[in-house]
Each structure stands twice: as C-alpha cells, then as structure tokens.
Q: 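Handing you a structure now.
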Amino acid sequence: MRRNNNQKLHRKFDDDESQIISENKPNGNNVDHSEDAHMKRPRPHITELQDQDTEAHGTQPSDGSAAVVNSAPRWAQTASKKKQKVKKSHAADAKTVTFFSDDEEEQQRSSKALSFDQQKAKARELLEVRKTLPVYKAKDELLERLANSRVTVLIGETSSGKSTQIPQFLMPLNKKSIAVTQPRRVAAISLATRVAEEVGTTLGDKVGYSVRFDHKAKYGTKIKYLTDGMILREIMIDSSLSQYSTVIIDEAHERTVLTDLMMGFLKELLQKRKDLKVIIMSATLDAERFSKFFDNADILFVEGRMFKVEKLYLEKSVDDVVDSTIKTIIQVNNGELEGDILVFLPGQEEIDKCVSLLERLAPELPKEAPLIVPLPLYASLPPADQAKVFLPLKARRRKVILATNIAETSVTVPGVRYVIDTGLRKVKVWRHQLGLSTLLTAPVSKASATQRAGRAGREAEGKTFRLYTEDDFMKLPAMTEPEIARSNVVSPVLMLKRAGVDDILNWSWLQNPGQDSLISALTQLHELKALDDNGKITELGEQMAILPLEPQLSAILLTAHKSGCLSDAVDIVSCLSVDNLILNPPSETRDEVNEKRRSLCILGAKYGDLLMLKELLDFYLQFDNSQERKQWCHDLALSHRGFKNVMRVRNQIRQYMVSLTKDKHLFDEEKEKKPLDIPSVLKAFLSGYVSNTAIGMPDRSYRTTTSGQLISVHPSSLMFGKKNDAIMYTDFVYTTKGYARNVSAIELSWLQEVGGHVLAPKHSIA
DNA sequence: AGGGTTTTTT
C-alpha cells in the first residue's frame with residue numbers, strides 16, 4: 001500500500017487507495033470480538049517443549065533441546081514489492097523511553113542549566129540534524145498547505161520528525177500557543193525536552209509540557225506538549241481552549257479513548273472558534289476516516305526514514321506459540337548476522353515460559369553462534385528488571401527481548417535487527433451487558449503487525465519472522481478495534497455531561513461506542529446519582545467529574561465525606577488508583593507471602609482487601625527509614641514505587657477535596673486521629689459499588705445481585721475461602737471463570753440500606 | 001477451596 005513516489009508530499013490519495021482505506025468499515029453498535037476461525041488458536045499449554053513439528057520432520061527428540069535444534073520451522077518469503085531507500089542512522093527517537101531509572105520522574109534531564117549562549121550554540125548544532133529529517137525538507141510546501149486549511153490530517157511515517165518539527169515550523173505563525181497532545185506522559189516530557197533544546201530555550205519557557213503531577217510551562221509558553229488526559233482536563237476548565245490557536249493531536253491512529261474524545265470535542269469547538277486550527281497526526285494509512293470526520297479535511301503525507309524490513313511467514317500455521325517462538329529464536333541466532341532479537345508474545349505467562357526455556361537451552365546450543373541472553377519485558381516487571389534490556393552486553397552475546405505490546409509503542413529498544421511476531425496480543429474487553437470484563441488472547445491487526453515489524457528497521461535493515469502464514473496475515477483486520485468500542489464509557493459519558501452535552505447518543509463521536517454501551521453508562525451514572533431522572537447532571541455529578549478518578553470512586557469519596565470517614569476513604573481510593581501496587585508473588589513464595597499479608601493485616605483478614613489496603617498504607621507511612629521500607633515491600637510483594645505513586649495521588653485527591661468542600665481544615669490532624677469506623681468506610685464504598693455485590697449461597701459459591709451470575713472470590717484475595725453472607729468487589733473479571741477481585745465482606749442489611757434504589761425488590765432477603 | 005493481567009491516563 002506504500003506508494004513509491006518522488007513527490008514527498010501530496011494532497012490526497014488516489015481513488016484506489018481511498019478504496020482500500022474505506023474497506024475498514026466503522027464498527028458500529030455490535031461489538032463482535034470473535035475472530036475468524038483460521039486465526040483462532042488454543043492458548044498454549046505446554047510446560048515442556050512439545051514437538052509438534054516432529055511429524056513433519058520425522059525426528060523424535062529425546063529432550064527439548066534436540067527438538068529445537070533439529071526441527072526449525074520452514075519459512076516462506078514474499079517478494080518485496082516495496083522499494084525503500086536505505087538511509088543513514090538517525091537521531092534517537094525523542095518520543096519513547098530509552099532508559100528507566102528507579103524513579104523515572106526524578107530523572108535528571110539536562111541537569112546542568114546551560115547559559116543563553118550555550119543554549120543557542122546547542123540549537124545551532126541540532127539544526128544540522130534537523131535539516132536531515134524528511135519533514136524538514138518538505139517544510140515550505142507543508143507550511144503552505146497547512147496555512148490554507150483549518151483542519152489537516154498529516155500522515156507522517158515513523159522517524160519523519162513530524163512531532164518535533166511541525167510545531168516549530170508553526171511557532172512564528174501562531175499568535176497564541178500550540179498544543180501538541182500525546183497518549184503517554186513520557187512521550188510528552190521527552191518531546192518537550194528535545195524541542196526546547198532545538199529551539200534553544202529553557203524547558204518550561206518557550207517550550208514546555210504538562211502531564212499529571214508534572215508541569216513545566218508558563219503563561220507565554222508557545223509550544224506545549226500535553227497528555228490527552230491533561231488537555232481534556234483543560235477543556236473542563238476552559239471549554240473553548242482559548243489559550244491555543246493550534247491544537248495538534250499526535251498518534252491519532254492509536255485510537256485511545258482519550259484521543260477519540262479529544263477529536264469529538266475539537267470537531268464541535270471548530271464551529272465556535274473560527275480562529276482555531278487543528279492538525280491530526282497519524283502514522284498509518286487510516287487517514288481517510290479522520291478526514292471524513294472533519295468534513296473532508298486535507299490529507300498530507302510525509303515519508304519516514306525506516307530501513308527495509310524483510311517479512312517472512314510460516315508455510316504452515318502452528319498452534320503452540322511458545323514452542324515455535326523458541327525454535328525461531330534459535331534458528332535466527334544460528335543463521336543471522338549481528339543484531340538483537342525482539343519477540344512479541346501475548347502475555348507474561350508465555351514470556352516467562354520462553355525465558356526459562358531459553359535459560360536452560362542457551363548453554364547447550366552450538367558454540368559458533370552468539371550466546372543467547374533472554375530478557376523479559378512487560379509492564380508489571382519491576383523497573384530495574386525492565387532497565388536490563390538497555391544494558392550493553394559483552395561480545396558474542398545476543399539479546400533476546402521477550403516482550404508484550406509494551407515494546408510496540410511505549411518502549412523502544414535500540415539494537416534490534418530481528419523481530420519475531422506471534423501475531424497475538426491480550427485484550428481486555430468490557431461486556432456492559434454482563435457488567436464484567438474478559439481478557440482475551442486475540443490476533444493483532446495488520447497495522448499492529450506492521451508496527452511490530454518496523455521495530456526491526458530503526459537503525460539498519462532488518463527482518464521480521466511472522467509466526468503465521470501469509471494467508472493468515474491477509475485475513476487480519478486492517479486496524480485494531482478502537483478502545484472506545486470495547487471499554488466501559490461511564491467516565492467519558494460523565495465528562496460529556498459535565499461539558500454540557502445533552503444528547504450523548506448523537507454526540508460527535510469519532511466512533512460511537514454504541515447505544516447499548518451508552519445507555520448502560522447513563523444508567524450507571526443515574527444509579528450513582530450523578531444524573532437526575534431527566535439525565536441532567538446533578539451537583540454531585542459535577543463534583544464527581546472534577547475529581548481525577550473513576551466516577552465510582554468519586555462517588556465513594558463524596559459519600560465518605562458526608563459520613564465522616566473521608567480521610568480513610570481517600571487512603572483506600574488512592575491505593576485502588578495505582579496499578580501493580582499489590583504484586584503477584586512468584587509461585588514458590590506465594591503461600592508464604594499470602595500468609596504474611598494475612599497475619600499482618602488483621603482488619604483485612606476480617607473485612608477484606610479494602611481494609612488491607614488501608615492497613616498496608618498505614619504501615620508504609622510508619623517507616624522513616626527508606627531501606628527498611630523497601631525491604632518490607634519486598635517481603636510482602638508490594639511495589640515500593642507503587643506506594644510512592646499512591647502518595648502523589650493521595651496528595652492530589654486531598655487538594656481536590658479541600659477545594660470542592662472549601663474546607664481548608666478537612667484533613668487536619670485532630671480529624672485524622674478519629675478511630676477507624678469500619679462500617680462507615682465499607683458503606684461508603686458500597687455506595688459506589690452497589691452493582692458489584694454478590695450473595696453467598698449455601699454451597700459457598702456466590703451469585704451477583706444484579707444478574708445472578710456465578711462468581712468466585714479470587715484466590716489472591718484475603719477473603720478467599722471465607723464464608724460470607726455477602727461480598728462487594730471492585731472488579732469482576734472473567735478468565736477461567738468469573739472472579740471477584742478486591743473483595744470485602746459486607747452485611748446483607750447494607751444492600752437495602754445503601755443500594756435499595758438499585759437492587760430494589762427482586763432481592764428480598766429473608 | 002486453589003489463580004494467571006495488554007496498555008494508557010486525569
């Protein structure tokens with residue numbers, strides 16, 4: 001689909017391409033997540049290397065390693081129709097993480113302050129690098145096009161330099177500020193840092209950024225990089241975004257919920273603000289959809305600077321990803337030249353299996369080939385372990401990075417020349433009919449497979465080995481289904497209500513999540529009393545929208561405030577807002593860690609996981625020695641870093657609550673010392689989680705109060721194995737069966753008392 | 001009575 005044209009920039013796609021693009025039909029109301037049968041594969045079950053290639057190759061290995069060496073999968077190679085120029089290596093991507101420190105946020109970025117002259121000198125030096133970027137070469141033509149339209153869709157391939165250069169080109173032409181939005185915080189910070197250097201200004205002066213917990217921008221800042229979430233916050237405060245004359249939405253193709261919302265808001269805002277310009281930047285060829293949405297906006301194309309990546313497919317499908325991954329790794333290691341290997345696997349389970357297999361196999365492999373050094377990479381891995389993928393190795397060694405989707409966009413590992421792609425990923429899908437989420441292993445889209453392959457061509461020519469057939473590839477969906485089509489939209493809907501949108505169903509959705517999903521969200525908001533019977537936002541709803549939390553959690557805090565247990569509720573809510581705070585201990589120490597947690601958290605053992613969080617935070621706060629605190633976290637499999645985030649969230653929520661209630665003394669000492677009123681706290685949580693309740697059956701199982709579905713307490717909960725009349729949980733996730741996570745014991749009578757308006761008469765409890 | 005979570009953000 002890549003065009004081979006000398007014209008670096010052109011206005012519109014030819015009809016044939018538009019045709020291809022428009023085949024990507026908008027997915028309307030019915031969210032169907034079933035995949036074509038040919039891509040359906042059983043989840044891998046092997047713990048030992050099973051050799052299903054054995055039949056084909058006639059070998060009967062006595063152990064795993066022999067199987068691996070002797071029966072490499074066979075590869076088909078497709079003729080490369082695309083002519084791509086090989087370019088010299090380019091400056092490091094300013095957008096992704098290339099290094100992790102223990103405290104990512106406290107990293108010293110250009111710690112030494114440069115003098116004015118030094119800054120200018122640096123900027124002149126960088127100008128030479130900038131001039132080599134494809135976007136820079138097309139500068140004049142680009143500016144002319146941009147000047148003539150209010151909305152432009154700009155397709156810039158990876159490494160075109162669009163995110164750093166376009167805002168700088170536009171800077172002299174804008175009276176007000178230019179906002180550039182990013183889906184991720186690190187991207188916003190590092191882009192701003194880089195651009196400030198290029199401009200020759202101190203970060204936070206002419207060029208700055210704004211992300212949660214961290215702002216470096218002032219009133220006159222001309223270019224401001226923000227996260228999508230942050231600019232949506234700004235819209236809540238100033239719905240006309242009056243400080244900006246240009247808004248650039250970057251990475252629009254990722255289609256995160258927040259980017260989608262942003263585009264909807266901008267579409268409406270363009271009616272009101274005739275002086276506003278909007279640029280949608282996207283990496284892939286799905287521009288047609290954006291263009292149509294913005295009344296056939298112009299589409300511009302800037303080529304990137306990627307090296308050629310050869311694509312190889314399997315001749316025959318396999319059904320054991322771990323096994324074929326291992327074989328391919330060894331084959332690549334034996335047969336290919338220098339360069340690291342990046343492997344995309346669906347999840348932690350598969351990654352851990354591959355890592356331990358490789359650790360066992362590596363020393364036994366032929367000594368002619370480099371020694372394989374397997375390195376896992378996924379989000380819940382401690383930062384220190386993640387950082388290992390960036391460390392250089394000794395000679396005659398080859399990194400094999402086994403990663404989840406995190407390596408597709410968030411983390412860029414240098415040195416990768418080979419990509420092995422299983423074509424699978426994990427997706428969380430919200431089922432609003434059932435009030436639960438499911439976690440599926442599903443095939444990626446063509447766009448995603450292309451992005452993964454591109455990871456091999458950042459520094460030199462590379463190869464990608466796809467662990468599926470070319471036929472399978474052709475049948476993949478063109479684009480990944482946008483997040484909004486498979487998410488709970490309670491939060492977006494409240495945001496829209498707060499912004500004054502009455503008709504949610506017919507709002508300017510880039511993609512409408514569907515009537516059922518919207519109605520379910522509206523119903524939930526009504527139950528939380530954020531909306532009145534007419535669907536108008538209530539005063540409570542306004543306050544809920546202001547708090548940087550899920551509406552359920554906001555509702556809990558406002559109830560807790562009324563019942564006098566706000567401080568305790570804030571502590572627990574803060575813990576709930578931080579991911580990966582309570583870690584999964586490794587299987588060897590699992591029972592031991594569970595027992596430690598249980599014996600330490602006396603209230604938690606009795607009342608459940610919410611009180612455990614409160615107790616853990618209290619313990620955490622008691623330490624004055626950081627070393628002891630770290631050790632404590634380690635012993636209980638808790639994230640030290642996570643607790644630091646909890647403290648930041650807690651701080652922020654406290655400030656918001658103070659300003660909402662206009663009570664400066666809300667969290668003063670004497671109030672803090674009130675004894676913990678457990679029923680009040682749990683009832684406050686029940687006000688947010690009325691629909692997340694289940695009743696204990698005589699056979700020790702539970703049935704949900706809303707739909708009567710079978711639900712089990714997850715074994716990681718302190719409530720696991722305990723008999724309760726009723727439980728409340730924060731999550732209902734269906735994996736091998738329906739599990740309630742984060743469980744608390746509640747009294748049956750509370751259900752009527754707190755949730756009578758929702759649960760009503762069908763649950764008369766005798 | 002017994003488990004497996006991709007990723008992002010205010």
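Just so it is clear: chains get the letters A, B, ... in the order the sequence lines come, proteins before strands, and each one is counted from 1.
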Q: Out of B:dG3, B:dT9, B:dT8, which nucleotide sits closest to the side chain of A:Ala379?
A: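 Shortest atom-to-atom distance from the side chain points to B:dT8.
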Q: Within the structure, does a side-chain N or O atom of A:Gln652 lie under 4.0 Å from either OP1 or OP2 of B:dT10?
A: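 No.
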Q: OP1 or OP2 of B:dG2 less than 4.0 angstrom from a side-chain nitrogen or oxygen of A:Lys737, does that happen here?
A: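 Looking at the OP1 and OP2 atoms of B:dG2, one of them is under 4.0 Å from a side-chain N or O of A:Lys737.
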Q: Between A:Arg185 and B:dT10, is there a contact of a side-chain N or O with OP1 or OP2 at under 4.0 Å?
A: yes
Q: Nearest-nucleotide wise, let me know which of A:Thr735 and A:Met230 is further upstream toward the 5' end of DNA chain B.
A: A:Thr735
Q: Given the rule in the side-chain contact (heavy atoms from CB on, under 4.5 Å) test, do A:Gln243 and A:Lys224 qualify, once you have shown the distances and angles that lead to the verdict?
A: CA-CA 11 Å; A:Gln243 57 167 313; A:Lys224 189 154 107 185; 4.0 Å; yes
Q: Closest to the A:Arg700 side chain: B:dT8, B:dT6, B:dA1?
A: B:dA1
Q: From C-beta outward on A:Ile406, which listed nucleotide comes closest to its side chain: B:dT6, B:dG3, B:dT7?
A: B:dT7
Q: Under 4.0 Å from OP1 or OP2 of B:dT7: is there any side-chain N or O of A:Arg425 that close?
A: no
Q: Report yes if at least one side-chain N or O of A:Tyr378 is closer than 4.0 Å to OP1 or OP2 of B:dT7; otherwise report no.
A: no
Q: Of the options B:dT9, B:dT10, B:dG2, whose atoms approach the side-chain atoms of A:Phe720 most closely?
A: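 From the listed options, B:dG2 comes nearest.
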Q: Residues in ring pair (Phe, Tyr, Trp, His ring centres under 6.0 Å) with A:Phe265, at least two apart?
A: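 For A:Phe265 the ring pair (Phe, Tyr, Trp, His ring centres under 6.0 Å) partners, ignoring immediate neighbours, are A:Trp507.
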Q: Looking at B:dG2, B:dT8, B:dT6, which one has an atom nearest to any side-chain atom of A:Leu439?
A: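 Looking only at heavy atoms from C-beta outward on A:Leu439, the closest nucleotide is B:dT6.
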Q: Taking only residues two or more places apart in sequence, or in another chain, which ones meet A:Tyr739 in a ring pair (Phe, Tyr, Trp, His ring centres under 6.0 Å)?
A: A:His714
Q: Counting side-chain heavy atoms from CB outward, which of B:dT10, B:dG3, B:dT6 is closest to A:Val211?
A: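 Taking heavy atoms from C-beta onward, the closest nucleotide is B:dT10.
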Q: Which nucleotide in the list B:dG3, B:dT10, B:dA1 gets nearest to the side chain of A:Thr227?
A: B:dT10
Q: Nearest to the side chain of A:Tyr739, heavy atoms from C-beta on, is which of B:dG3, B:dT10, B:dT9?
A: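 Closest nucleotide to the A:Tyr739 side chain: B:dG3.
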Q: From the list B:dT8, B:dT6, B:dG3, which nucleotide is the closest neighbour of the side chain of A:Pro715?
A: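 Nucleotide nearest to A:Pro715's side chain: B:dG3.
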Q: Determine: side-chain N/O of A:Thr736 to OP1/OP2 of B:dG3, distance under 4.0 Å, yes or no.
A: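 The answer is no; no side-chain N or O of A:Thr736 sits under 4.0 Å from OP1 or OP2.
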Q: Nearest to the side chain of A:Asn584, which nucleotide is it out of B:dT8, B:dG4, B:dG2?
A: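 From the listed options, B:dG4 comes nearest.
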